[in-house]
J.: 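Quick one: structure below, then a few questions.
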Amino acid sequence: MRDTLLSEHLLAWYDRHARDLPWRVGPADRAAGIRPDPYRVWLSEIMLQQTTVAAVRSYFHAFTTRWPNVAALAAAEDADVMAAWAGLGYYARARNLLKCARQVVTEHGGRFPETREALLTLPGIGPYTASAIAAIAFDEPATVVDGNVERVMARLHDVQTPLPTAKKELTALAERHTPNERPGDYAQAVMDLGATICTPKSPACGICPLREDCDARRAGHAAELPRKLPKKPKPTRHGIAYIARRDDGAWLLETRPDKGLLGGMLGWPTTDWSDDPAPAPPLPADWQTLDAEARHTFTHFHLRLAVQIATVPATSAPDRGQFHPANSFRPADLPTVMRKAFDLAAATLRDL
DNA sequence: TAAACGTGGCC
DNA sequence: TGGCCAAGTTT
């Protein structure tokens, strides 16, 4: 049994309040039968994983301008794609993005598969993203369950079970509400509702299109849901970044291994990040320790990164990494923690 | 199942 | 300042 009335309320609200986003097809085009481009839907959904719309906008524009379709992206250099992703975080997404694009070209003739089941086999596409692409691009009534949907369902049905235990229960509730008509618009409607009305902290229940249906609002504790299990505290780790500038202006950088933290990204050679790391300079030099350190918080630990700088002669042969000429080095190509270290070094070098 | 995996904005 | 939070996936 489907809750038809609720999905119709939500779709009516969406028709009036849908946000105009670059990867969406506007109401007029949609009425004219124009479908969203699966490539743009896919790219936006990967970028939006655990990431806000505000952070994604400029990256989406840059990617679609430079690589307008999946074949173009599949043909790109790994380093160019990683550099273009720099700053957006969760870099495994960028590595899987390329893998997926190439797989779509080599195994699917350059067209995205059109079912949730087939989409699930592609790298970087999990249960959420497969449903989102299937519903939005291909009109399959797949149920989309992201953080927004979990929150809306927990409140609508006053689910007291904490996450992540409640996940299955919330998914079942979401399935019950998914309509066969306009499933893509419905999916985006729930997520828009969660992003703009049914927000985590202070939900705007007074203007919510579902306020008459919401059990938690009736009980007066919508803002307390969904409940969550307590999180583990983040430890603090320490490290040293080595920033070497050759006297012709080239910078010593290394491409990090594909696996693990910041995998595949360009960065300064560093020690390991631990309680008390052993010094590990990439070449012998007169290393100067900066007064300030770069502070950065990752998903599961805080990092305090000391920065050492050195100017080295043109004959230098580093143990690891390679020199990048000054004219081809852009700080924006670095992940944020590495850019923070560079900013400290650049400020010091300016003052010398 | 739980841990790994980024970053920026907000309060 | 520091914890919480955001359109999750992989191992």
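These numbers come from the heavy atoms of this one structure, side chains and all, not from hydrogens, waters or symmetry mates. Quick note on labels: first sequence line is chain A, next is B, and so on, each numbered from 1.
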J.: Starting at CG of Leu303(A) and ending at C1' of dA4(B), how long is that distance when rounded to a whole Å?
T.: 16 Å
J.: Report all side-chain donor-acceptor pairs from residues 256-265 of chain A shorter than 3.5 Å, counting only partners two or more places apart or in another chain.
T.:
unit_1	atom_1	unit_2	atom_2	d
Arg256(A)	NE	Leu261(A)	O	3.3
Arg256(A)	NH2	Leu261(A)	O	3.2

J.: Taking only side-chain N and O atoms of Arg151(A), does any of them lie within less than 4.0 angstrom of OP1 or OP2 on dC5(C)?
T.: no
J.: Could you pull out all donor-acceptor pairs under 3.5 Å where a side-chain atom in residues 223-238 of chain A meets a protein atom, sequence neighbours excluded?
T.:
unit_1	atom_1	unit_2	atom_2	d
Arg227(A)	NE	Gln160(A)	OE1	2.6
Arg227(A)	NH2	Gln160(A)	OE1	2.7
Lys234(A)	NZ	Thr299(A)	O	2.6

J.: My understanding is that a hydrophobic cluster links ILVMFWY residues whose side chain heavy atoms are under 4.5 Å apart, including indirect links. Using that, what else belongs to the cluster containing Leu120(A)?
T.: none
J.: Whole angstrom is fine here: how far is it from CD1 in Ile133(A) over to C1' in dG8(C)?
T.: 13 Å
J.: Mind running a 4.0 Å heavy-atom check of residues 21-30 of chain A against DNA chain B and sending the residues that fall below it, in number order?
T.: none
J.: Which atom names give the shortest non-hydrogen contact between Ala187(A) and Val144(A), and what distance separates them?
T.: CB-CG2, 3.7 Å
J.: Cut-off 3.5 Å, no hydrogens considered: what does the side-chain donor-acceptor table look like for residues 195-205 of chain A, sequence neighbours left out?
T.:
unit_1	atom_1	unit_2	atom_2	d
Thr196(A)	OG1	Asp192(A)	O	2.8
Thr199(A)	OG1	Ser202(A)	O	3.4

J.: Classify the nucleic acid contact of Lys234(A) as base, sugar-phosphate or nothing, counting any heavy atom under 4.0 Å across all strands shown.
T.: nothing
J.: Rounding to a whole Å, what distance do you find between Leu97(A):CG and dT9(C):P?
T.: 14 Å
J.: Using side chain to side chain donor-acceptor pair (under 3.5 Å) as the criterion, list what pairs up with Glu117(A), not counting sequence neighbours.
T.: none
J.: Using whole Å, what does the distance between atom P of nucleotide dG8(C) and atom CG of Leu170(A) come to?
T.: 14 Å
J.: Report which part of the nucleic acid Lys167(A) touches: base, sugar-phosphate, or nothing (heavy-atom distance under 4.0 Å, all strands).
T.: nothing
J.: What's the NZ-C1' distance between Lys168(A) and dT1(B), to the nearest Å?
T.: 13 Å
J.: Is it the case that the side chains of Gln49(A) and Thr129(A) hold a donor-acceptor pair, with the cut-off being a distance below 3.5 Å and no angle test?
T.: yes
J.: Could you check Gly124(A) against Glu45(A) and say which one's nearest nucleotide on DNA chain C is further toward the 5' end?
T.: Glu45(A)
J.: Tell me: CZ of Arg57(A) to C1' of dA6(C), nearest whole Å?
T.: 15 Å
J.: Asn69(A): what forms a side chain to side chain donor-acceptor pair (under 3.5 Å) with it, not counting sequence neighbours?
T.: none
J.: Nearest whole angstrom, please: distance from the C1' of dT9(C) to the CG of Leu120(A).
T.: 11 Å
J.: Tell me which donor-acceptor pairs under 3.5 Å the side chains of residues 70-90 of chain A have, and how far apart each pair is, sequence neighbours excluded?
T.:
unit_1	atom_1	unit_2	atom_2	d
Asp78(A)	OD1	Arg102(A)	NH1	3.1
Asp78(A)	OD1	Arg102(A)	NH2	3.0
Trp85(A)	NE1	Gly89(A)	O	2.9

J.: From C-beta outward on Asn96(A), which listed nucleotide comes closest to its side chain: dA3(B), dA6(C), dT10(C)?
T.: dT10(C)
J.: Using whole Å, report how far CE of Met191(A) lies from P of dC5(C).
T.: 20 Å
J.: Using a 4.0 Å cut-off on protein heavy atoms (strictly under), produce a 5'-to-3' string for nucleotides 5-11 of chain B with B for base contact, S for backbone-only sugar-phosphate contact, and - for none.
T.: BBBS---
